[in-house]
Each structure stands twice: as structure tokens, then as C-alpha cells.
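To start, the structure itself, in C-alpha cells.
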Amino acid sequence: MSETFVKRLLVIVLSIIGVYCVVIALIQTQQYIAPLVLGGLFAMSLLPLYNALLKRRLGSGLAAFVSLGVLVVAMGVLILIFSTRVKGVVSEWNNLRTEMLPKVNNAQEYLDSNLGIQFKELDRLINFMKPSDKNDSQSFTISTRMVSDTVNPLFGVVGSFFLILIYIYFFLFFKEHIHKAILNFFSASHQKAAKNALHNAAIVCRQYFIGKMVLIIILAIIYYTGLQIIGVKYALFLACFAALLSVIPYVGNIIGAGLAILLGMVTEGLTPVSVIIGVGITFTIAQFIESYILEPFVIGNKVGLNALFTILAVVFGGALWGIVGMVVAIPLVGILKVLFDAIPWLAPIGTLIGNIEEPKSKGKISAIIQKIKFW
């Protein structure tokens, strides 16, 4: 074997070992790294507001505090609106459980008798929906355990939330310092390209998160209109929930549609077939509008990932960090693509994960038509 071959083989082996160690480290340190990543992404999204406040001659600390306050108020309003909708579903959960139990039972029996398929998940769902026959002391023990299992993770979530807010504040406060420190890694001849790459990375993050917020509002309106026309129970709750799940590409829409069908089954006056067809049409139209009309003009093409690597990013992010990983996977890979494009020897990777170049067309309407034809 030649010396060149041995060197290349050694580089490949060491690269694989390095990637493996990084993946293991990310999994093991999720509770520490995930808040840091979320804080960085949110801070990048708040940069326009922070810079605007600095131009108003506010100090760095006050500008960062006001930007953080705007984010907290916006999140608080969303949580308040959503929680009021959840309250109605929770208050009628016993009635919903009684109505859904025979339908889930029938579905399990049909799959078992006609197709020979048994889903353990359906069995667990059936057992969960059955009324409890425990005595008072057993029920109290189970309730206590459930409260304990709920409260402990809740403290972890609250702690992570405040940690994210702290990270956002300090990322904004030390923005210039961090920016200069990163540029110092590059020689003077490459600093301009590095500066452009950092600027484009911030644009990707900002457009993705702000664009997603706009998309969530528009999708909630579309879902609510469709579900209201069908006559599905808790249409507003389902619309808000399904729209929020759209932050997880592809998977979120399937979960939202499944929940809408499940609650539609217990709505009086609706047959299972009409629910499935109605919900299917509603979510298909919403998905079409989101992909071909809203995303190109609301989020833009700055993220620039093709469908294959979008799915791979979501799957890999979910395997690493669960739901949080699914949410942050797209903007993170979008930022990596910007960096790959800026580095000549990594540019082929940027081309691989990027969108396929589509024929240019004039005007927004013709651009949509051309996009559909190209697809």
C-alpha cells in the first residue's frame, strides 16, 4: 500500500471516530448544550431589534434587556392563548375518553381480524382510556406518583427556560466582542468573507424563526377555517396545536392531522369517512400553500436546504435531542450550509445539501407556477 493511501485511510478513520465522539458528547450533554444552542439562535433572531435599539442610543445592557422582554411578552401571549384552548379539552377529557374508547377498540379489532395487525400502541391507548377500577388508596398512590413524575420534569423545563433567557441576554450584550473574537481566527485577507458568512448566517436564523412565527399564524387560520367548515370539535385548539407542530417539518403535519381525525371521530353528526376526507383535504391544501406560496415569500430561500437533507436533519436532530433537536435542526444545518458555501474546500457539501437550482421566472405568480412545474 502506498503512503498516500495509508494517510487517506487514517484521515477517514480518525474523522469517523471524531464524529462518533462528537455525537456521543452531544447526546450526553443535551441538558447543557441545548439551552446554549437555543439561546444563540434566538439571540441571532433578535439582532435587528437589538441593533435598532442601539441606534436609539440605548446602552448594550438596556437594549439587550428590552429585546429579551419583547421575546418573553410575545411567548407569554402565545402560551396564554394556547392554554385557554387546552383548558376546554382537559375539562371534557373524561367525556372524550368515553366516546373515543369504542372507536379505538373497533379500529384495533378491524386491523386484527382483517389484516392480522396488532399495534401495542393502540392497546396502551385503550388501557389508558378505560375507566379506573382502583380503590381510593391505590388511586391516591397513583395520583401522587403522577404528580411527582410531572413536577420533576417541569422544574427542569422551567430551569432550562430561564437559562435560555440568560444566554440570550449575554449573547446580545457581548455581540461585538463575540463577533471580533470569531473574525480574529481569520487572516486579514479572509476577514471580509468571514464577515459576510456571519452576516448571512444571522439572516438565515432570523428569516427562519420570524418566518416560522408568521407561518404558524397563517396556518392556524387555514386549519381553523377548514376544520370549522367540516364541523370538527375543538377546531380552534386543533388549529393552534397543528400550526405549532409545523415547526417540525413533515412529522408535525402528520401528528396534527392524526389528532384532528381522532377528535373528529367523536364529533356528533360526522362519519369517520367524512372526517378523514375533510381533514385530509384541509391539511393537504394547507401543506401545498405552505410549501409553494408561503415559505418562498415569508421565509425566503436563505435556508436553502433540499427536501432530502431537510428530512435527514430532522431525523438526526430528533435522535440526538428529541423534539428540541427537531426544532433547531433546520436553522442549524442552514447556518452550516452558509459556512460551507463560504469555504472553498467545503463548497461541494454546501451544493449537495442545498436546493436544486430552478429556472428563473419573472413575477411572483409565474415563480409559483414555475416551481410547481419544475417539481
Side-chain angles (χ1 to χ4, degrees), residues 38 41-42 45-46 49 70-93 96 157 161 205-267 270 274-300 302-303 307 310 314 318 323-324 326-331 364 368:
L38 283 169
L41 292 175
F42 279 120
S45 302
L46 290 171
L49 176 60
V70 170
L71 176 65
V72 171
V73 170
M75 292 178 66
V77 170
L78 288 175
I79 292 171
L80 181 63
I81 293 172
F82 188 70
S83 62
T84 55
R85 298 297 98 199
V86 172
K87 191 183 295 183
V89 178
V90 172
S91 63
E92 295 190 25
W93 170 244
L96 290 172
V157 171
F161 176 73
C205 186
R206 181 169 68 249
Q207 284 195 337
Y208 183 80
F209 278 107
I210 295 177
K212 271 296 180 183
M213 291 299 296
V214 176
L215 278 180
I216 286 172
I217 295 171
I218 298 174
L219 285 175
I221 295 171
I222 296 173
Y223 289 146
Y224 176 72
T225 303
L227 295 174
Q228 194 71 8
I229 291 172
I230 300 167
V232 175
K233 221 172 184 183
Y234 308 111
L236 186 56
F237 162 74
L238 288 171
C240 295
F241 187 70
L244 284 174
L245 286 175
S246 67
V247 298
I248 307 174
Y250 307 109
V251 178
N253 295 322
I254 295 173
I255 296 173
L259 184 61
I261 290 173
L262 190 62
L263 287 179
M265 295 287 192
V266 300
T267 303
L270 294 179
S274 66
V275 171
I276 293 172
I277 293 175
V279 171
I281 292 174
T282 299
F283 277 76
T284 300
I285 292 173
Q287 183 66 35
F288 179 84
I289 294 173
E290 177 188 3
S291 300
Y292 291 102
I293 299 175
L294 297 178
E295 279 194 353
F297 302 130
V298 176
I299 295 180
K302 291 290 182 181
V303 176
T310 298
V314 171
I323 294 176
V324 174
M326 291 181 176
V327 173
V328 303
I330 304 301
K364 292 186 176 181
I368 296 170

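Positions are given from 1 along the sequence. As a basis for the values below, the full set of heavy atoms in this structure was taken, side chains included, without hydrogen atoms, waters or symmetry mates.
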Return the [atom1] to [atom2] distance between [X] and [Y], rounded to the nearest 0.5 Å.
| X | Y | atom1 | atom2 | answer |
| --- | --- | --- | --- | --- |
| T282 | I277 | OG1 | CD1 | 11.5 Å |
| M213 | L244 | CE | CG | 8.0 Å |
| I276 | I230 | CD1 | CD1 | 11.5 Å |
| I255 | F241 | CD1 | CZ | 7.5 Å |
| C205 | I330 | SG | CD1 | 12.5 Å |

Looking at every non-hydrogen atom in both residues, tell me the closest pair between [X] and [Y] and how far apart they are.
| X | Y | value |
| --- | --- | --- |
| A220 | A239 | O-CB, 3.4 Å |
| P331 | Y208 | CD-CE2, 3.5 Å |
| A257 | V279 | O-CG1, 3.8 Å |
| L219 | A286 | CD2-O, 3.9 Å |
| V275 | A260 | CG1-O, 4.4 Å |

Next on the checklist: Has S45 got a side-chain atom pairing as donor or acceptor with L41's backbone, closer than 3.5 angstrom?
Outcome noted: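 The answer is yes, because a donor-acceptor pair under 3.5 Å joins these two groups.
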
Checklist entry - side-chain contact (heavy atoms from CB on, under 4.5 Å) between S246 and I216: does it pass, once the steps are laid out? => result CA-CA 7 Å; S246 67; I216 286 172; 3.9 Å; yes

Next on the checklist: Quick check on the 6.0 Å ring-centre criterion: do Y223 and F283 meet it?
Outcome noted: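 Yes: the rings meet the under 6.0 Å criterion.
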
Checklist entry - When you look at I289 and I222, which way does the side-chain contact (heavy atoms from CB on, under 4.5 Å) test go after all the steps? => result CA-CA 9 Å; I289 294 173; I222 296 173; 4.2 Å; yes

Checklist entry - So do the side chains of T284 and F288 get within less than 4.5 Å of each other, counting heavy atoms only? => result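 Side chain of T284 against side chain of F288, heavy atoms only: no contact under 4.5 Å found.
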
